[in-house]
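Taking it in order: structure first as structure tokens, then the write-up.
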2 protein chains.
Amino acid sequence: MTENFKASNRRAVLDFIRTRYPISRSQLSRISGLNKATVSGFVTDFLRQGVVAETGSGVAAAGRKPVLLSFVADSAYVIGLLLNVRSVRMVITDLEGTIVWQTREPLGDEGASSTLDRIAIIIEDGVRRVGIPFSSIVALGIGVPGLVDFQAGVIVQTPNMGLSSVSLKQWLEMRFHIPVFVDNAANVSAVGEKLFGAGRHYEHFVYVSVSTGIGGGVVMNGQLQRGAFGFAGEFGHMVVEPHGLSCRCGGQGCWEMYGSLKALYRQTARHIGEDPAAYRPDILVTVVDAAARGETWAIEGLNYIGFYLGVGVASIVSAFNPHAVLIGNEIAIGAKWIMPIIETVVQTHCSLPIIKDLTLLMLEYDDNKAVVGAAGMGIDGFLDQLTHRKIRRWC
Amino acid sequence: MTENFKASNRRAVLDFIRTRYPISRSQLSRISGLNKATVSGFVTDFLRQGVVAETGSGVAAAGRKPVLLSFVADSAYVIGLLLNVRSVRMVITDLEGTIVWQTREPLGDEGASSTLDRIAIIIEDGVRRVGIPFSSIVALGIGVPGLVDFQAGVIVQTPNMGLSSVSLKQWLEMRFHIPVFVDNAANVSAVGEKLFGAGRHYEHFVYVSVSTGIGGGVVMNGQLQRGAFGFAGEFGHMVVEPHGLSCRCGGQGCWEMYGSLKALYRQTARHIGEDPAAYRPDILVTVVDAAARGETWAIEGLNYIGFYLGVGVASIVSAFNPHAVLIGNEIAIGAKWIMPIIETVVQTHCSLPIIKDLTLLMLEYDDNKAVVGAAGMGIDGFLDQLTHRKIRRWC
DNA sequence: TCTATTTGGTTGGAGTCTAAACAAATGATA
DNA sequence: TATCATTTGTTTAGACTCCAACCAAATAGA
């Protein structure tokens with residue numbers, strides 16, 4: 001029940017090095033508030049472990065020149081997986097999330113056991129081809145659409161995928177003997193932003209993923225919050241129109257029905273001669289192009305989801321009072337049109353002290369961000385483990 | 001920046017004693033996961049400090065009988081204040097929140113400095129009359145309607161009260177030389193529930209206060225979360241009807257406009273011959289009585305706010321995934337009518353895994369809960385301080 | 001060359017926590 | 001009645017975290 005609060009500062013110092021290198025020991029001491037001796041001790045260990053290296057010396061106004069420390073991004077590698085209904089994406093990245101190998105493979109619906117085998121083969125194949133010794137791969141992060149039990153590493157609820165109620169974590173840890181972290185796609189993206197992206201500078205932020213559906217991840221006190229049962233941040237089913245459309249979840253007026261690309265499609269389909277009850281994943285590109293040509297229906301469609309996105313974000317801001325709300329995923333393609341609306345709606349709906357210092361950002365869209373986030377989940381776990389015991393090499 | 005993670009386990013052990021006494025050292029060791037020696041060491045200090053006492057012995061299946069430990073609630077006292085527009089409530093309680101003195105005084109609008117003086121006199125007077133030596137009063141907690149900067153102890157935004165932008169904390173700490181904690185009324189109530197009430201058994205819960213307005217407090221990992229700038233839990237201005245009524249905050253369709261007693265009044269006023277644009281604080285009693293007599297308009301009114309309360313709670317549950325949502329304050333008078341509606345709405349709006357183990361509770365209404373919560377804020381601070389240094393008596 | 005200044009390492013010690021051994025108490029068993 | 005197994009709680013040695021106070025090294029400028 002009660003935990004052991006050892007070594008939390010080690011991780012903090014390593015994170016300072018990671019995010020601000022090149023940096024000297026004394027700078028670290030100053031910004032962390034820890035004693036020079038403490039920092040020196042940590043750094044000695046990091047050097048021995050190989051995650052940090054001394055790289056030249058810096059300048060000083062007077063006195064001895066500082067020895068600059070750098071984070072050694074390629075001292076270890078991790079694997080990121082993103083499972084989808086019909087495919088898997090895989091990346092191998094260094095500790096800074098730089099991709100050194102990537103692939104995307106179709107995934108049949110052949111039952112859990114054979115799917116798992118296939119994933120294992122994809123991983124082994126990737127590792128072999130990139131030419132990194134397996135021993136330097138230190139963790140595996142997996143993103144899954146749907147609800148995940150992070151502790152157990154089990155998929156709890158997901159749109160038609162064969163892997164439900166299998167312990168991905170257990171199976172893969174048995175097979176590869178490295179720690180495996182499974183979480184939903186929005187949470188891994190949030191961790192990605194926390195480590196490598198816009199979230200780096202915020203202690204409290206909320207990541208909102210908007211594409212076909214809406215998901216999210218909550219970071220408070222610099223840590224991903226999973227709530228009581230691991231499902232915190234399921235923003236897609238917040239209610240924005242209590243008397244509105246029915247959602248497949250059984251509820252009515254879910255945010256996902258009004259602010260997602262599904263909603264955009266519904267609002268614009270008839271203008272492009274499509275069935276409003278269907279869906280096309282590339283709807284946003286089509287609509288943005290039309291809006292750029294000045295088509296009213298397109299602009300109205302974008303205003304429509306922009307308005308509802310603003311409404312939901314306003315509620316999130318009131319509830320969490322974060323430093324920042326980061327809106328990511330495909331929606332970013334329409335940033336130019338949608339972002340101003342969201343900003344206006346949030347400004348009119350939240351009290352001044354709450355939004356005074358709030359940052360509202362729409363992130364660049366990058367197809368790879370979610371998989372890299374999955375890798376990030378692995379990196380986060382690895383760095384935690386690394387800073388939790390003094391003597392430990394992963395050779 | 002970085003903190004010192006000392007002594008967190010001490011507080012955990014003291015909390016186990018506080019909430020489960022009588023309890024033995026070995027039981028504490030087992031439930032806390034800490035070593036027997038560690039627990040024994042802590043307990044020795046607690047005994048010396050006087051917060052814990054040995055009170056007889058328990059039974060064992062075999063072997064040595066355990067020495068039972070108890071929390072000594074009257075080893076110290078705290079003051080709780082609840083500021084309102086025209087009055088102050090004050091309580092003096094022991095460390096379990098049991099009231100030993102209470103009073104309520106009117107408060108004029110005579111400017112900050114004279115109001116502060118008046119509060120100080122009320123406090124001194126109360127302490128003198130209850131006959132507790134001032135030295136055994138160890139903290140002061142204050143609840144305020146509106147937005148508060150907890151760190152600074154300054155009221156940031158509040159409906160017409162003379163004390164805005166004065167540092168209550170600083171002023172009162174200078175005057176009484178005990179730690180002062182100022183927070184908004186909902187947060188203070190949440191802390192009260194965490195320490196003494198229904199929140200005791202939940203690590204993650206959300207407290208929602210519903211009366212004229214709606215406020216809230218978020219407890220995650222057993223700790224009140226204040227967000228980035230201290231305003232987390234401002235649920236009143238979450239948006240539940242994007243195209244709905246204008247709120248005094250400048251927004252539209254705020255939860256407060258649909259789920260609060262203000263909303264109930266608006267919906268029912270004409271049936272009791274009142275002006276729908278006005279407000280009567282006792283509206284709920286009137287409506288509940290009418291509902292009990294079978295008046296349709298009254299039942300409809302309760303259904304109305306019940307529905308919207310359910311909608312908001314559903315959003316909160318999706319966002320935070322707490323163990324429990326505790327709904328408190330005046331609304332509880334209508335629990336019998338409103339609670340079933342809330343439950344139904346939440347059940348239809350949230351996915352199964354999220355609500356499977358969710359507890360939804362409407363708390364008993366007690367006029368004193370908020371002031372006692374304020375005292376609780378003080379107790380929480382005191383216990384933290386008590387467990388942060390080894391040698392320390394507050395004699 | 002000397003000095004003031006800054007970086008970074010070393011040392012002693014306080015504090016947290018554990019494992020292991022030990023002492024004390026007690027019901028059951030021989 | 002004596003012994004034994006069992007459980008409680010204490011003591012001790014030691015690992016780990018962290019800091020204050022030095023000390024040593026490096027360096028720009030007097």
Side-chain angles (χ1 to χ4, degrees), chain A residues 1-14 16-17 22-49 52-69 384-392, chain B residues 1-14 16-17 22-49 52-69 386-392:
Chain A
M1 196 114 315
T2 310
E3 279 158 65
N4 246 7
F5 291 95
K6 273 180 202 162
S8 227
N9 289 340
R10 296 181 97 81
R11 175 63 202 262
V13 170
L14 185 52
F16 278 126
I17 298 174
I23 192 172
S24 73
R25 291 168 175 85
S26 12
Q27 279 179 78
L28 284 169
S29 166
R30 277 194 303 266
I31 62 176
S32 70
L34 293 164
N35 188 281
K36 284 189 302 170
T38 310
V39 171
S40 264
F42 292 173
V43 169
T44 307
D45 293 336
F46 297 154
L47 291 171
R48 196 165 23 230
Q49 289 168 321
V52 168
E54 297 186 338
T55 51
S57 58
V59 285
R64 177 172 169 180
K65 281 183 187 161
V67 175
L68 294 181
L69 305 165
D384 261 351
Q385 182 222 304
L386 193 72
T387 51
H388 264 5
R389 304 237 146 268
K390 205 159 180 174
I391 306 104
R392 170 68 64 122
Chain B
M1 195 111 320
T2 312
E3 280 157 65
N4 243 7
F5 291 94
K6 274 181 201 161
S8 225
N9 288 338
R10 296 181 97 83
R11 175 64 201 263
V13 170
L14 184 53
F16 278 127
I17 299 174
I23 191 169
S24 71
R25 289 168 177 83
S26 15
Q27 277 178 80
L28 284 169
S29 165
R30 277 194 302 268
I31 63 176
S32 70
L34 293 165
N35 189 281
K36 285 190 298 171
T38 310
V39 170
S40 266
F42 290 173
V43 168
T44 307
D45 293 336
F46 297 154
L47 291 171
R48 194 164 27 225
Q49 290 169 319
V52 167
E54 297 187 339
T55 52
S57 58
V59 285
R64 176 172 170 181
K65 281 182 187 161
V67 175
L68 295 181
L69 304 166
L386 194 73
T387 50
H388 263 8
R389 307 234 147 270
K390 204 159 181 176
I391 306 104
R392 170 71 62 123

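To find a chain, count down the sequence lines: A is the first, B the second, and so on, and within it residues start at 1.
The minimum heavy-atom distance linking A:Ser29 with A:Leu34 is given by the pair OG-O, 2.8 Å. Contact record, A:Arg25 with A:Ser40: CD-OG, 3.7 Å, taken as the closest heavy-atom pair.
Nucleic acid contact for A:Thr44: none, since no nucleic acid atom lies under 4.0 Å from a heavy atom of the residue. When heavy atoms are screened at a 4.0 angstrom cut-off, B:Ser29 is found touching no nucleic acid atom at all. B:Val67 comes within 4.0 angstrom of sugar-phosphate atoms only, judged by non-hydrogen atoms across all strands, and of no base. Among the protein residues, A:Ser26 comes within range of the sugar-phosphate backbone only, with heavy atoms under 4.0 Å from sugar or phosphate atoms but none that close to a base.
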**OP:** Scan nucleotides 20-26 of chain C nucleotide by nucleotide, 5' to 3', and note B when protein non-hydrogen atoms come under 4.0 Å of the base, S if they reach only the sugar-phosphate, - if neither.
**Re:** ----BBB

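The CD1 atom of B:Ile23 sits 15 Å away from the C1' atom of D:dG9 (whole-angstrom rounding). The CG-P distance, from A:Leu28 to D:dC19, rounds to 13 Å in whole Å. For A:Arg10 and D:dA15, the CZ to P distance is 16 Å, given to the nearest whole Å. Atoms CZ (B:Phe42) and C1' (D:dG9) sit 16 Å apart, rounded to a whole Å. Between B:Leu68 atom CG and D:dT8 atom C1' the separation is 12 Å, expressed in whole Å. Computed from coordinates, the A:Leu34 CG to D:dA20 P distance equals 11 Å when rounded to whole Å.
Using a 4.0 Å cut-off, some side-chain N or O of B:Asn9 falls inside it from OP1 or OP2 of C:dC17. Note on A:Arg30: every side-chain N or O is 4.0 Å or more away from OP1 and OP2 of C:dT6. For the pair B:Ser40 and D:dG9, the criterion of a side-chain N or O lying under 4.0 Å from OP1 or OP2 is not met. In this structure, B:Arg25 does not reach the D:dT7 phosphate: none of its side-chain N or O atoms is under 4.0 Å from OP1 or OP2.
Interatomic distance, CZ of A:Arg10 versus CG of A:Asp384, reported as 12.5 Å (0.5 Å rounding). In this structure, CD1 on B:Ile23 lies 8.0 Å from CZ on B:Phe16, to the nearest 0.5 angstrom. Here CZ of B:Arg11 is found 6.5 Å from CG of B:Leu14. Values are rounded to the nearest 0.5 Å. Residue A:Leu69 holds its CG atom at 6.5 Å from CG of A:Leu28, rounded to the nearest 0.5 Å.
For the side-chain hydrogen bond (donor to acceptor under 3.5 Å, both in side chains) test, residues two or more places apart in sequence or in another chain that qualify with B:Thr55 are B:Ser70.
Distances from the side chain of A:Pro66 to the nucleotides C:dC17, D:dT8, C:dT7 place C:dT7 closest.
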